[in-house]
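Reading through the structure tokens given below for one structure.
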Amino acid sequence: MSLVELARYPNGIEAEIARTLLESHGLLAVTFDSGMNIADSAAFAIPVRLMVLDEERDEAEMILRELGGV
């Protein structure tokens, strides 16, 4: 079991919406770097990464794709 990056978001709010959506479907999801991009314009330099389990990546991609990339 290893975590892989599923998506990158410019802010923590969007990343958390996607994370909770995936968790509502029973998938494990975590965000990395959400505290790093709070400074001015840091969102472009340090996006928030949404991570999922490698074996759940395909299902997670499908869920996000169905909702327009949340």
Heavy-atom pair with the smallest gap, counting every atom of [X] and [Y]:
{"X": "V48", "Y": "G12", "answer": "CG2-N, 3.8 Å"}
{"X": "P47", "Y": "D33", "answer": "O-CB, 3.8 Å"}
{"X": "A15", "Y": "L50", "answer": "O-CD1, 4.2 Å"}

With a 4.5 Å cut-off on side-chain heavy-atom distances among I, L, V, M, F, W and Y, is there a chain of contacts connecting [X] to [Y]?
{"X": "M1", "Y": "F32", "result": "yes"}
{"X": "Y9", "Y": "L6", "result": "yes"}
{"X": "L67", "Y": "V52", "result": "yes"}
{"X": "V4", "Y": "L21", "result": "yes"}
{"X": "L27", "Y": "L64", "result": "yes"}

Roughly how far, to the nearest 0.5 Å, is [atom2] of [Y] from [atom1] of [X]?
{"X": "L3", "Y": "D54", "atom1": "CG", "atom2": "CG", "value": "9.0 Å"}
{"X": "T31", "Y": "R19", "atom1": "OG1", "atom2": "CZ", "value": "6.0 Å"}
{"X": "M51", "Y": "R57", "atom1": "CE", "atom2": "CZ", "value": "9.0 Å"}

* Asked: Considering residues, nucleotides and ligands other than I13, do more than 12 of their heavy atoms fall under 6.0 Å from its CD1?
  -> no

* Structure fact -> Taken in chain and number order and not counting sequence neighbours, the residues that satisfy side-chain hydrogen bond (donor to acceptor under 3.5 Å, both in side chains) with E59 are none

* Would you confirm whether E5, through its side chain, and R49, through its main-chain N or O, come within 3.5 Å as a donor-acceptor pair? => no

